[in-house]
Amino acid sequence: MRTVYVNGDYIPENEAKISVFDRGFLMADGVYEVTSVLGGKLVDFEGHAKRLERSLNELDMPKPPEFDDLLEIHRELVRANGIDEGLVYLQVTRGSDGDRDFVFPSAETRPTVVMFTQAKPGLAENPAAKKGIKVISIDDIRWGRRDIKTVQLLYPSMGKMMAKAKGADDAWMVEDGEVTEGTSNNAYIVKDGRIITRALSNDILHGITRAAVLRFAREAQMEVVERNFTIDEAQKADEAFVTSASTFVMPVVEIDGATLGDGTPGPVARRLREIYVDEARKAAV
Ligand code: PMP
């Protein structure tokens, strides 16, 4: 049984309790982060902590009292649960003041903080990365502040189910004819050696993995172009891939039934995955 963290306490998962009035539960009034663990250490912890702070600020949500101790709490959970490769999930909600009301509770209300680990042996040597994944396109009908990492994940979850129903692995979302991002990852195509991905705005989540991968790509003298692209352009690309904290760099080999290249992961995606995993291991804390 896992040890989880709830508002200051490390407890067995079956003893954890959250109020039925918690605004995370009633209104999806909460934000989250997922940090990967390689070799028992945290990957890009600082990036995740900074994005969490930004999400809280954008929603006028108070910082939880343990904000400055989050690294220690992450480490303690990794240790207590013996995680070598896996994920640490962190959620902060606006808490509960004992009733349901659209108006925010007073700023003194304690934000709810929940954290737990997920063991994922083989995260780095993921067999899916050797084969590549298939994606379908779906309409992006999410709200307009996708840069805030809220727990409103119903539509992304439905998107994954739509993909599964069509025999694919994931979905890319399309708005005004152009790809925004994957259900839980940022989307890229590669054409003539150029890496193309949508620029940062309120339309997409500012991926922590995205920032690192683009930095490594530029350091390796690869050309990066931050602009929108369509599904049609993606289907004609040489390669495609997605990035996220839980999949690192994951090659995409099929888009809406169209095979990319020879249907196997391309050299740019494979190289970026290798660089990312190596560097992530080195810099993990
Ligand atoms: N976009 C969306 C919609 C996501 O849910 C995620 C992962 N949570 C990402 C992009 C990738 O972000 P990161 O690299 O920080 O995991």
Side-chain angles (χ1 to χ4, degrees), residues 28 30-38 42-56 58 70 74 85-92 115-116 118 120 123-124 126 129 133 135 137-163 169-175 178-189 195 197-217 224 226 228 240-252 269 272-273 275-277 279-280 283-284:
V31 297
Y32 75 109
E33 285 295 331
V34 176
T35 304
S36 59
V37 178
L38 285 179
L42 297 152
V43 174
D44 234 328
F45 175 80
E46 203 182 312
H48 289 284
K50 280 205 181 111
R51 185 172 62 189
L52 172 65
E53 185 167 19
R54 178 177 183 278
S55 293
L56 293 168
E58 292 299 307
L70 287 177
H74 275 71
E85 291 196 354
L87 306 169
V88 181
Y89 177 88
L90 155 91
Q91 177 167 336
V92 183
M115 290 173 57
F116 57 81
Q118 293 180 287
K120 303 267 178 196
L123 194 65
N126 189 342
I133 61 164
V135 302
S137 63
I138 60 173
D139 282 342
D140 196 338
I141 61 167
R142 296 173 301 162
W143 78 326
R145 289 304 306 275
R146 303 158 192 159
D147 56 310
I148 309 173
K149 197 165 170 62
T150 76
V151 296
Q152 305 174 75
L153 296 177
L154 180 54
Y155 188 64
S157 172
M158 289 169 72
K160 288 237 187 200
M161 296 311 291
M162 291 184 239
D169 304 291
D170 204 352
W172 279 10
M173 294 180 277
V174 174
E175 185 169 59
E178 291 165 329
V179 175
T180 51
E181 59 188 334
T183 58
S184 60
N185 41 61
N186 291 113
Y188 309 73
I189 57 173
I195 299 163
T197 193
R198 196 177 175 106
L200 297 182
S201 70
N202 291 353
D203 299 340
I204 62 170
L205 187 74
H206 302 190
I208 301 304
T209 319
R210 177 190 184 281
V213 165
L214 293 187
R215 190 173 77 244
F216 298 142
V224 176
E226 295 182 65
N228 294 1
F241 62 92
V242 295
T243 65
S244 74
S246 56
T247 61
F248 307 137
V249 177
M250 181 60 66
V252 170
L272 283 175
R273 183 179 177 88
I275 298 175
Y276 180 81
V277 173
E279 296 293 327

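Counting convention: from 1, in listed order, for ligands and their atoms alike. Numbers here are sequence positions counted from 1.
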Enquirer: With a 3.5 Å distance limit and no angle check, can you tell me whether E175 reaches the backbone of T180 through a side-chain donor-acceptor pair?
Expert: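 Checking the backbone N and O of T180 against the side chain of E175, no donor-acceptor pair under 3.5 Å is found.
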Enquirer: Compute the shortest N/O to N/O distance between I208 and ligand 1 and return yes if it is under 3.5 Å, no if not.
Expert: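 Min N/O separation from ligand 1 is below 3.5 Å for I208.
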Enquirer: Can you confirm, on distance only, whether ligand 1 has an N/O atom lying under 3.5 Å from any N/O atom belonging to T243?
Expert: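 Between T243 and ligand 1, no N or O pair is found under 3.5 Å apart.
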Enquirer: In the protein, which heavy atom is nearest to atom 8 (N) of ligand 1, and how far is it?
Expert: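 Scanning the protein heavy atoms, the shortest distance from atom 8 (N) of ligand 1 goes to K149 NZ, 2.3 Å.
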Enquirer: For ligand 1, is any non-hydrogen atom under 4.0 Å from N185's backbone (N, CA, C, O), its side chain (CB onward), both, or neither?
Expert: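 Within the 4.0 Å criterion, N185 contacts ligand 1 through backbone atoms alone.
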Enquirer: Give a yes or no answer on whether the side chain of T197 reaches the backbone of A187 with a donor-acceptor pair at less than 3.5 Å.
Expert: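 Here the side-chain-to-backbone pair exists.
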Enquirer: Which protein heavy atom lies closest to atom 14 (O) of ligand 1, and at what distance to 0.1 Å?
Expert: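 Ranking protein heavy atoms by distance from atom 14 (O) of ligand 1, first comes T209 OG1, 2.6 Å.
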Enquirer: To check your reading of the model: name the closest protein heavy atom to atom 2 (C) of ligand 1, its residue, and the distance in Å.
Expert: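 Nearest neighbour among protein heavy atoms for atom 2 (C) of ligand 1, to 0.1 Å: E181 OE1, 3.5 Å.
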Enquirer: Have K160 and S184 got a donor and an acceptor in their side chains that come within less than 3.5 Å?
Expert: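 Judged by distance alone, the side chains do pair up.
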Enquirer: Check each atom of ligand 1 against the heavy atoms of N186 and keep those under 4.0 Å away; list them by number with element.
Expert: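 So the answer, numbered in order with elements, is 10 (C), 11 (C).
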Enquirer: Does H48 reach ligand 1 with a nitrogen or oxygen that is under 3.5 Å from one of the ligand's nitrogen or oxygen atoms?
Expert: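 Min N/O separation from ligand 1 is not below 3.5 Å for H48.
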Enquirer: Would you mind telling me which of R210, R198, R142 makes a salt bridge (charged side-chain N to carboxylate O under 4.0 Å, His left out) with E181?
Expert: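 Per the salt bridge (charged side-chain N to carboxylate O under 4.0 Å, His left out) rule, the option paired with E181 is R142, out of R210, R198, R142.
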Enquirer: Counting heavy atoms only, name the option from P156, A245, A212 that's nearest to atom 16 (O) of ligand 1.
Expert: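 The option holding the nearest heavy atom is A245.
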Enquirer: Hey, can you tell me if H74 and F45 have their rings parallel, tilted or perpendicular (30° and 60° cut-offs)?
Expert: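 Geometry flag for F45 against H74: perpendicular rings.
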Enquirer: Applying side chain to side chain contact (heavy atoms under 4.5 Å, CB included) between V135 and each of V179, N185, T183, D170, report the one that passes.
Expert: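 Of V179, N185, T183, D170, side chain to side chain contact (heavy atoms under 4.5 Å, CB included) with V135 is met by D170 alone.
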Enquirer: With distance as the sole test, does Q152 use its side chain to make a donor-acceptor pair with the main-chain N or O of A28 at under 3.5 Å?
Expert: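 Not a single qualifying donor-acceptor pair exists.
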Enquirer: Just heavy atoms, cut-off under 4.0 Å: does Y155 contact ligand 1 by side chain, backbone, both, or neither?
Expert: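 Under 4.0 Å from ligand 1, Y155 contributes no heavy atoms.
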Enquirer: Do other residues, nucleotides or ligands put more than 12 heavy atoms under 6.0 Å from the CD atom of E53?
Expert: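 Atom CD in E53 is packed in, count exceeds 12.
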Enquirer: With a cut-off of 4.0 Å, which atoms of ligand 1 are near a heavy atom of S244?
Expert: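 Those qualifying, in numeric order: 11 (C), 14 (O), 16 (O).
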Enquirer: Which option wins on minimum heavy-atom distance to atom 4 (C) of ligand 1: A211, S184, G207, A187?
Expert: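 Ranked by closest heavy atom to atom 4 (C) of ligand 1, first place is S184.
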Enquirer: Where's the contact between R146 and ligand 1, heavy-atom distance under 4.0 Å: side chain, backbone, both or neither?
Expert: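 R146 to ligand 1: no contact under 4.0 Å from either part.
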Enquirer: Of R142, R51, R210, which has the heavy atom at the shortest distance from atom 15 (O) of ligand 1?
Expert: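 Result: the heavy atom closest to atom 15 (O) of ligand 1 is in R51.
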Enquirer: Counting heavy atoms only, which part of I204 comes closer than 4.0 Å to ligand 1: side chain, backbone, both or neither?
Expert: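 For I204, there is no contact with ligand 1 at all, from either part.
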Enquirer: Taking the non-hydrogen atoms of H206, is any one of them nearer than 4.0 angstrom to ligand 1?
Expert: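 It does not, in that no heavy atom of H206 comes within the 4.0 Å cut-off of ligand 1.
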Enquirer: Could you tell me whether E33 and R51 have a side-chain N and a carboxylate O separated by less than 4.0 Å?
Expert: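 Answer for the salt bridge query: yes.
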Enquirer: Looking at L205, is its backbone amide N or carbonyl O close enough to the side chain of R146 to form a donor-acceptor pair, meaning the two atoms are under 3.5 Å apart?
Expert: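 The answer is no, because no donor-acceptor pair under 3.5 Å joins these two groups.
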Enquirer: Does ligand 1 have an atom that lies less than 4.0 angstrom from a heavy atom of L153?
Expert: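 No; L153 lies far enough from ligand 1 that no heavy-atom distance drops under 4.0 Å.
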Enquirer: Evaluate the side chain to side chain contact (heavy atoms under 4.5 Å, CB included) criterion for residues Y188 and L272: first the C-alpha distance (whole Å), next the side-chain angles of each, then the deciding distance (0.1 Å), finally the verdict.
Expert: CA-CA 12 Å; Y188 309 73; L272 283 175; over 6 Å; no
Enquirer: Output the list of atoms in ligand 1 that are nearer than 4.0 Å to some heavy atom of Y32, sorted by atom number.
Expert: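 So the atoms of ligand 1 that pass are 5 (O), 8 (N).
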